[in-house]
Amino acid sequence: MRVLVTGGAGFIGSTLVDRLLEEDDEVDVVDNLSSGSRLNIASAQSRSNACQFYELDIRSSEFDELVNDRRPEIIYHLAAQVSVAVSVREPLMDAELNVLGSLHVLDAARFSGVKKVVFAASGGTLYGDVPRSELPIAEGRPHSSSSPYGLAKRVVCDYLRLYQELYGLEYAAMALANVYGPRQDPHGEAGVVAIFARRLIAGSPVTINGDGLQTRDFVHVNDVVEAFVRAAKKSSSSIFNIGTGIQTSVNDLYAALASQVDGASPATHGPARTGDVEASALDSTLARDVLGWVPKVDLGEGVGSVLAFERQRT
Ligand SMILES: NC(=O)c1ccc[n+]([C@@H]2O[C@H](COP(=O)([O-])OP(=O)(O)OC[C@H]3O[C@@H](n4cnc5c(N)ncnc54)[C@H](O)[C@@H]3O)[C@@H](O)[C@H]2O)c1
């Protein structure tokens, strides 16, 4: 199958490219390298000539031409401005890329006979701040984004539904929890795993924001890309929560990492970050029932993969 991955030189996108090549897909990678890196896809390109890289912006006319020329069956759309904090500072820039850029991808898809778009939505920001007693969150919960980033992702989910109704373009919107794993950028949504790993390996002190009792649903990137591949193969159109359903506190995350590093010191605590949600976890029952997907990588194994990657980088 010929497929195209936007944002394919990024953390999740490049891991997806590796996974798609295992499926024997022909993979076109589009990325403007604003936060991604050629290094992330270097091994995919050296292993297989089924992987072509195009340094392009998804909003450019060259992108439309490429989609029209290559006529992929599936577009995996991951290119985005990924920082919640940046979206709060620059909502217009965020919308230009995350809303209009996404619409550009959807239009290119509908005019080129693409069958399905699989979109990286954000479960961590789609539903807003939900009381701990109501976690994990199921897909039926009303959307209530509290950042421009979350709102932009939500709007694209609405456009996907509308494009399906108006033009018959199938979609899967993957509402991701906090994704972590090798190649992760420390500035992303689950960047805390990469930050802690780097500091622990360097023997530098680690400061946890606030009391560390805030929780997140950390889902490993290998599990996430498996869900993307499965969603592409289904002909239904849905939003899927992709998380473990498990709340892990930042203190427990640190302990999981520190237990795998010789001589690690206890973390200290600094002021809490304003605007952070207190707790989050996603219920992925729909992905289990429809896609047969369950997360397989537990936290110990997952943080081990990050430590191994960071050790070999230094
Ligand atoms: N990491 C997470 O925990 C998480 C959680 C929820 C959703 N997501 C979503 O998953 C997707 C991938 O995130 P990531 O963590 O891999 O981040 P990333 O920054 O590593 O990947 C984004 C990629 O998009 C590229 N890009 C940005 N603007 C572009 C443009 N105009 N044209 C072409 N390419 C462009 C970047 O260069 C980068 O390679 C994003 O859509 C993000 O919003 C991530």
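These numbers come from the heavy atoms of this one structure, side chains and all, not from hydrogens, waters or symmetry mates. Whatever order the structure lists ligands and atoms in, that order sets their numbers, starting from 1. Here the structure is a predicted model, which means the values were calculated and not measured.
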- Nearest non-hydrogen atom to atom 12 (C) of ligand 1 belongs to which of V29, L97, L78, D217?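 When every heavy atom of V29, L97, L78, D217 is considered, L78 comes closest to atom 12 (C) of ligand 1.
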
Would you say D31 and Y54 are linked by a side-chain donor-acceptor pair, where the criterion is simply a distance under 3.5 Å?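 Distance-only check fails for Y54 and D31.
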
Checklist entry - Which is closest to atom 7 (C) of ligand 1 in terms of heavy atoms, A121, S60, S35? => result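 It is A121 that holds the nearest heavy atom.
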
Enumerate the atoms of ligand 1 whose separation from the nearest heavy atom of A9 is less than 4.0 angstrom.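 What qualifies from ligand 1 is 39 (O).
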
Measuring from the heavy atoms of L56, does anything fall under 4.0 Å of ligand 1?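 Yes, L56 has heavy atoms under 4.0 Å from ligand 1.
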
For ligand 1, note which part of Q184 has a heavy atom under 4.0 Å away: side chain, backbone, both or neither.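 No part of Q184 comes within reach of ligand 1.
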
Check: Near S34, which atoms of ligand 1 are under 4.0 Å from a heavy atom of that residue?
Finding: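 Reading through ligand 1 atom by atom, the close ones are 26 (N), 27 (C), 28 (N), 36 (C), 37 (O).
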
* Atoms of ligand 1 less than 4.0 Å from G36 heavy atoms? ->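 Those of ligand 1 that fall under 4.0 Å from G36 are 36 (C), 37 (O), 38 (C), 39 (O).
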
### Cluster check L4, L78: I/L/V/M/F/W/Y, side chain < 4.5 angstrom
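Looking at the clustering, L78 is in a separate group from L4.
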
Would you give me the side-chain donor-acceptor pairs under 3.5 Å for residues 277-286, sequence neighbours excluded?
unit_1: E278; atom_1: OE2; unit_2: R132; atom_2: NE; d: 2.7
unit_1: E278; atom_1: OE2; unit_2: R132; atom_2: NH2; d: 3.1
unit_1: D283; atom_1: OD1; unit_2: T285; atom_2: N; d: 2.9
unit_1: D283; atom_1: OD1; unit_2: T285; atom_2: OG1; d: 2.4
unit_1: S284; atom_1: OG; unit_2: N241; atom_2: O; d: 3.0
unit_1: S284; atom_1: OG; unit_2: G243; atom_2: N; d: 2.9
unit_1: S284; atom_1: OG; unit_2: G243; atom_2: O; d: 3.0

Check: Quick check: does any side chain N or O of S14 sit under 3.5 Å from a backbone N or O of G10, one acting as donor and the other as acceptor?
Finding: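 Confirmed, S14 side chain pairs with G10 backbone.
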
Distance under 4.0 Å to a non-hydrogen atom of V82: what atoms of ligand 1 satisfy this?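 Taking each heavy atom of V82 in turn, ligand 1 has 13 (O), 17 (O), 19 (O), 40 (C), 42 (C), 43 (O) under 4.0 Å.
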
*asked:* Can you pull out every ring pair (Phe, Tyr, Trp, His ring centres under 6.0 Å) where at least one residue sits in residues 220-263? Sequence neighbours excluded, please.
replied: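 Only Y180-H220, F196-Y254 qualify under ring pair (Phe, Tyr, Trp, His ring centres under 6.0 Å).
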
Check your understanding: If you measure from each non-hydrogen atom of R59 to ligand 1, which part falls under 4.0 Å: side chain, backbone, both or neither?
Key ->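 Answer for R59: side chain.
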
* At a non-hydrogen distance cut-off of under 4.0 Å, which region of A177 contacts ligand 1 (side chain, backbone, both, or neither)? ->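 For A177, the contact with ligand 1 is made by the backbone alone.
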
